[in-house]
Amino acid sequence: MAAANLGLVHQGSVTAHFNGDSSLHKSFIKTQKISFCDRPWARFSQLELNSKTATSRYPSVVAMSVSQTVTKGKITVAPLDLEDAKEPPLNLHKPKEPYTATIVSVERLVGPKAPGETCHIVIDHGGNVPYWEGQSYGVIPPGENPKKPGAPHNVRLYSIASTRYGDSFDGKTASLCVRRAVYYDPETGKEDPSKNGVCSNFLCDSKPGDKVKITGPAGKIMLLPEEDPNATHIMIATGTGVAPFRGYLRRMFMESGPTYKFNGLAWLFLGVANSDSLLYDDEFSKYLADYPDNFRFDRALSREQKNKNGGKMYVQDKIEEYSDEIFKMLDKGAHIYFCGLKGMMPGIQETLKRVAVERGENWDEKLSHLKKNKQWHVEVY
C-alpha cells in the first residue's frame, strides 16, 4: 500500500523541509533524568491528525514510500537536541503510563513469494518519545490480557528501524519492521487465528490514524558507537533483525547530520528465505552503489543459495565464507552486532568457534575480550 506523506525532498542538492518546530526485552531499566543541552527534556505537544486520512497529518509535504526514500545524495536534517545529549533517552514512558502515538502508514515490505508477511510501520510520536539508533519501543496492543483478566496485554519490544529523525526527517516519527506472527495447526495445516501473534497482527492490520500505545525507549546494548567515525561495523541480521541496522545505515549514508560524519566501513549480512523476503533492499543497494568503499552487503538466501557443502545458505555460512577478514577486523577493533531470532546465535557461535580453532585461537578467550572491549553487541528475541 502507498505510504502516507512523510517529507518533501528535492533531488540533486537534497534538502528536507519540515512543518513546525524541528527541535525537537523483557524488563525496563529504571527511569533516569535526562538533560539535553543543559536543560530538562521538554515534551512536545502532538500535532493533530485527521483520522480519516494520513495525508492531512503533513499538509505541505509529498507522499514517500520506503522505496521512494532512496534519493540522490544525502538529505540534510535540521539538528535535534538529541545530537548534544551525552546519554540516550531511557524509559520516558513506562508500561503503566504509555504514550498514545498515531499510525502514519503501514507498508508491506516483502514480495508475493515470501513466506509470511513483513510490514514497515511508521508511527507519529510528535517528538514525545525520542530515541537513539539501536533502541527499542515497547508496544501494548489493545484488548485484555487473557492470563490476567481486566489487565492490559504485556509489552512487546520492537527494535526501531529508523534514525532519531524518523522517516519524515523531523524527529517526530519512528519506524518498526514487523513480521506478522501466524499460527498454523500442524494436523490440519489451517490457520488458527486464536493463536496468532496479538501485537504483530494488530500493527500489520493498523490503518493511518489508528492509535497505538508505546513505551520506552529502551536499551543500550545496540547503540551505534559514534566516537570514531572511521570505525568498522559488522552487522549480522536474520529477518526483521535488520531493523536497527537500517537505522544505522540511514544515519551513515542517507542523512547529512551535524555531528556524525561516517567514513569507516559498514558491512551488513542479512539472512532471509528468498529474494522476495529481502527487506529494505533498494535502500541497501543504493548505499552499495554510492559508497562502495564504505559499505558491503552480503545476502544469505536459504531457499535459493547453497553453502560450500551443498546445504542451505544461512547467515553463519556467509560469516564462515569471510571469516578470515572478519577476524582480522575484530582484531583491529571492529564492532560486531547480531540481531534477530534467538535461534540464530547457536549456529553463529559454533561457526565462530570452529574458525577460531582453525586459526589456533581460543574462542572463549577471544569472546571475553570482545565483550570486555565493548565490541560485541547482541539483541535476540
Side-chain angles (χ1 to χ4, degrees), residues 1 4 25-31 43 45-46 48-54 57 89-109 116-126 128-129 131 135-161 173-219 239-241 243 340-343 379-381:
M1 63 178 291
H25 79 228
K26 304 290 183 183
S27 62
F28 289 87
I29 303 169
K30 185 177 180 181
T31 302
R43 302 179 188 274
S45 60
Q46 184 181 15
E48 292 185 356
L49 173 68
N50 183 321
S51 61
K52 293 182 179 180
T53 63
R57 168 64 176 82
L90 283 171
N91 302 305
L92 301 176
H93 298 273
K94 294 184 176 182
K96 290 185 178 180
E97 295 181 347
Y99 180 79
T100 301
T102 304
I103 299 292
V104 174
S105 63
V106 178
E107 182 176 359
R108 181 184 169 96
L109 284 177
E117 181 180 28
T118 302
C119 295
H120 179 77
I121 299 163
V122 180
I123 297 172
D124 170 27
H125 59 80
N128 296 300
V129 198
Y131 55 89
Q135 289 192 295
S136 300
Y137 271 172
V139 177
I140 304 175
E144 187 177 277
N145 189 332
K147 295 181 180 180
K148 298 179 181 179
H153 283 288
N154 294 331
V155 173
R156 272 74 163 182
L157 286 177
Y158 292 92
S159 297
I160 298 172
T173 67
S175 300
L176 304 180
C177 181
V178 179
R179 176 165 176 159
R180 186 190 294 273
V182 180
Y183 176 84
Y184 291 94
D185 187 287
E187 295 184 1
T188 65
K190 294 182 179 180
E191 180 182 344
D192 184 350
S194 67
K195 296 181 180 180
N196 287 349
V198 173
C199 197
S200 64
N201 281 272
F202 158 66
L203 289 170
C204 290
D205 288 335
S206 295
K207 301 292 186 294
D210 287 352
K211 302 300 179 183
V212 56
K213 292 181 178 180
I214 58 176
T215 67
T240 58
L341 292 174
K342 190 179 296 183
E379 185 173 80
V380 292
Y381 42 86

Beyond-backbone contact of C119 with E107, side-chain heavy atoms, under 4.5 angstrom: no
Looking only at non-hydrogen atoms, find the nearest pair between P98 and P95 and report the distance. CD-O, 3.3 Å
So K211 and T102, side chain to side chain contact (heavy atoms under 4.5 Å, CB included) or not? Walk me through it. CA-CA 5 Å; K211 302 300 179 183; T102 304; 3.0 Å; yes
Apply side chain to side chain contact (heavy atoms under 4.5 Å, CB included) to Y158 and I121, showing your working. CA-CA 11 Å; Y158 292 92; I121 299 163; over 6 Å; no
Using a 3.5 Å distance criterion without hydrogens, assess whether the side chain of D210 forms a donor-acceptor pair with backbone atoms of K207. yes
Do V178 and T118 come within less than 4.5 Å of each other through their side chains, counting heavy atoms only? no
Looking only at heavy atoms, what is the nearest atom pair of I140 and P152, with distance? CG2-CB, 4.4 Å
Would you indicate whether the side-chain heavy atoms of Q135 and P89 approach each other to under 4.5 Å? yes
Taking the six-membered ring for Trp, are Y137 and Y131 parallel (under 30°), tilted (30 to 60°) or perpendicular (over 60°)? perpendicular
Can a donor-acceptor pair be found, under 3.5 Å and without considering hydrogens, that links the side chain of N201 to the backbone of A181? yes
All salt bridge (charged side-chain N to carboxylate O under 4.0 Å, His left out) counterparts of E144, not counting sequence neighbours: none
Write down the atom of C204, the atom of V106, and the distance for their closest heavy-atom approach. O-CG1, 3.6 Å
Verdict with reasoning, V198 to R156, per side chain to side chain contact (heavy atoms under 4.5 Å, CB included): CA-CA 10 Å; V198 173; R156 272 74 163 182; 4.0 Å; yes
Are V155 and V139 side-chain neighbours, meaning at least one heavy-atom pair lies under 4.5 Å? no
Could you check if a side-chain atom of T215 sits within less than 4.5 angstrom of a side-chain atom of N91, using non-hydrogen atoms only? no
Any I214 side-chain heavy atom under 4.5 Å of V129 side chain: yes
Heavy atoms only: give me the nearest A174-I160 pair and the separation to one decimal. CB-CG2, 4.3 Å
Test side-chain hydrogen bond (donor to acceptor under 3.5 Å, both in side chains) applied to S200 - qualifying residues, sequence neighbours left out: none
Under 4.0 Å between a side-chain nitrogen and a carboxylate oxygen: does that hold for R108 and E117? yes
Determine, step by step, whether I123 and T173 satisfy the side chain to side chain contact (heavy atoms under 4.5 Å, CB included) criterion, reporting the C-alpha distance in whole Å, the side-chain angles of both residues, the deciding distance to 0.1 Å, and the verdict. CA-CA 5 Å; I123 297 172; T173 67; over 6 Å; no
Within-4.5 Å side-chain heavy-atom neighbours: Y381 and T240: yes
Would you say that L92 contacts Y99 through its side chain, given a criterion of any heavy-atom pair below 4.5 Å between the two side chains? no
Where S136 and L157 come nearest, the two heavy atoms and their spacing: CB-CD2, 4.4 Å
